[in-house]
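Below: the structure, in C-alpha cells.
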Protein chains: 2
Amino acid sequence: MAAKGSGARGKRSQRASGSLQPGKELSGEPPLSRQRIVAGAVELLDAQGVDGLTMRRLADRLGSGVMSLYWHVDNKEDVFDLALDSVLEYREPPQMVASQDWRGKVVYLLEDWRASMLRHPWSVSLLPRRALGPNMLSRLELLSKTLSGAGVAAADMNVAIWSLWTYVMGATITRASFDLSDDDRAAAQQRLTRLSEHYATIERSRLLLDDDWDGIFRKGLGFLLDGLSPR
Amino acid sequence: MAAKGSGARGKRSQRASGSLQPGKELSGEPPLSRQRIVAGAVELLDAQGVDGLTMRRLADRLGSGVMSLYWHVDNKEDVFDLALDSVLEYREPPQMVASQDWRGKVVYLLEDWRASMLRHPWSVSLLPRRALGPNMLSRLELLSKTLSGAGVAAADMNVAIWSLWTYVMGATITRASFDLSDDDRAAAQQRLTRLSEHYATIERSRLLLDDDWDGIFRKGLGFLLDGLSPR
DNA sequence: ACCTGAACACCGTTCAAGT
DNA sequence: ACCTGAACACCGTTCAAGT
C-alpha cells in the first residue's frame, strides 16, 4: 500500500565529470550533491537522533534552501534509506586474515556489521524498512562467499545466510533498545521482583541485569554456528 | 538523552470500579479510557500504518477532542508503546500440548510470537524501542520457564533466551521488510544480475527470490536449537 | 476527575518561478 | 541543470479554562 520506493534510483543522472565550475568554490558552500546530503544527514542523525532529522534542518546545515534538497533526493524516506546504507559502507576493505577458518571469518564479519550499526544507534531503528542498498548487498555477498567456501550445503545456503543475517539484526536491535542505564536496569529488576508471581523465572535469572552484550552476542552466535556447521 | 519513558506508568490511578455512570452510556461514545485508546490506536495502525497514526485522527475515531487523550496517556510515544505491547497479548492462554518435548514447545512459542507481530506489520517497525511491556515480559517468562525445564545449563540460560529472542526479532523484521511483491523480487534479482560482478554469489543462489519465509524461519530456528541443545 | 479549544512552533511537499 | 520562496495542509503539545 505505502509506496516504498521502487529501487530504481537516480531519475536524474549524476554529474560524471568531477570538474568544479571555477568561481563556485569561492562562494562558501560547495554545491549540493547526493553525497553531501547523505553526509549531512548522518551528522544530524548522530547529533540529534531520528526525530532530529528534518528536511529544513538538513538544508540549514548544508547552507541551502529546503527545496533544493528535492532536486537530488526523492523525499525524506530516500534520505533515511541513503543514511542507513551509508553506515554499512566499508571505509577500508575488511581485513580478514586469510588463514582464519570460516567460523572466524563469519564472526569477524558479523561483529563488524553489528559494531558499524551501534556506532550510529539511530541506524538500528531505521532497520525495519526494506533496506537493500548497495552496501547492505555487498555485506550479504561477502557473507555468502565465506559460507560457500566453508562447505555449507547448497540446499542450506539461503537458510544459513538468512539465519545469520537475522541473528545480527535482532541482536543489534535488542542491544540498542535494552541498553539501559544502571539505574533503569535496577528499576526494571525491582519491578519484576514486585510482580514476582508473574515473572518468577526471569526475575530469578536476573535476565535484565545482565549487560555483557558483547559476550552474549558472541556466545549466541557460537551456538548458531554450531548448528549450522556442515557435518 | 531522549527521554524514553521511565517504565513507571499510571501517574493517575485507573478507575477500579467497573460501574458506569447512569446516563453516560446514552450519550453515544463510551468514556475515554486507556483501553479504548489502545484499541483505537491498533485499529488505526492496522488500517493506515505507522504514519497513519495521528493524535488528531485517533481522537476523531474515539469521538473526543485531541487533548482529551492526554489525560489518559503521556504522549504519542506512550501510545506507540501500548499498541506494540498489546499485539503481544495472549487472547487465549497458549495451548501447548503437555506431552510435547521442550523443542516443540519453544518452536510453538516463537512461531506464535512471530505470527502475532506479522498480523500487525506496523508492530515490527516499532520494535526497535525499549519495549518491556507486561506482555513482552510474560512471553519472555514463558520462554524462560520452558528452557529451564529443558535442562539448559544455568550458566547458558541468559544466552539461550537472548539468542532465541534475538532470532525471532530479527526474523520478523527481515520477513516484514523483505516481503516484496513478485515484481519487486524479480526486479531486485535483475538488478543483481546487471551488477553481477559485484554480487556474483547471492545472484547465483537466487537469495532474493526465495520467499519461503516460514520454512526458512523454522529451519534456521532448528539450527539454533541444535546448537543450544544440552549435551 | 475528566474534557476542551485556541494557540504555538513546528513539519514535508507542491507549485510556479527564477538563473 | 540546478536552486528558490511562498503557500498548503498538516503535525504534537502547552496552557488556561471549563464542568
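Hydrogens, waters and symmetry mates play no part in the numbers below; they use all other heavy atoms, side chains included. Lettering follows sequence order; numbering is per chain, from 1.
Not counting sequence neighbours, the partners of N135(A) by the side-chain hydrogen bond (donor to acceptor under 3.5 Å, both in side chains) test are D85(A). With sequence neighbours excluded, the residues forming a side-chain contact (heavy atoms from CB on, under 4.5 Å) with E111(B) are V107(B), F217(B), R218(B), listed by chain and number. Contacts of T201(B) classified as side-chain hydrogen bond (donor to acceptor under 3.5 Å, both in side chains), with partners at least two apart in sequence or in another chain: E141(A). With sequence neighbours excluded, the residues forming a side-chain hydrogen bond (donor to acceptor under 3.5 Å, both in side chains) with D214(A) are R114(A), listed by chain and number. Taking R91(B) as the reference, E89(B) meet the salt bridge (charged side-chain N to carboxylate O under 4.0 Å, His left out) condition, with sequence neighbours excluded. The salt bridge (charged side-chain N to carboxylate O under 4.0 Å, His left out) check on R139(B) picks up D112(B), with sequence neighbours excluded. D46(B) meets the side-chain hydrogen bond (donor to acceptor under 3.5 Å, both in side chains) test with H120(B), W122(B); sequence neighbours excluded.
Remark: DNA chain C takes part in the stems C:4-8 with D:12-16, C:12-16 with D:4-8, each of 3 or more antiparallel Watson-Crick or G-U pairs, criterion distances under 3.5 Å.
Every pair passing salt bridge (Lys or Arg N to Asp or Glu O under 4.0 Å) that includes a residue from residues 196-211 of chain B is listed here, sequence neighbours excluded: R185(B)-D211(B). Annotation: side chain to side chain donor-acceptor pair (under 3.5 Å) contacts involving residues 49-64 of chain A, sequence neighbours excluded, comprise E43(A)-R61(A).
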task: Using a 4.0 Å cut-off on protein heavy atoms (strictly under), produce a 5'-to-3' string for nucleotides 14-19 of chain D with B for base contact, S for backbone-only sugar-phosphate contact, and - for none.
output: BB----

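Within residues 56-66 of chain A, the residues having any heavy atom under 4.0 Å from DNA chain D are, by residue number, S64(A), G65(A).
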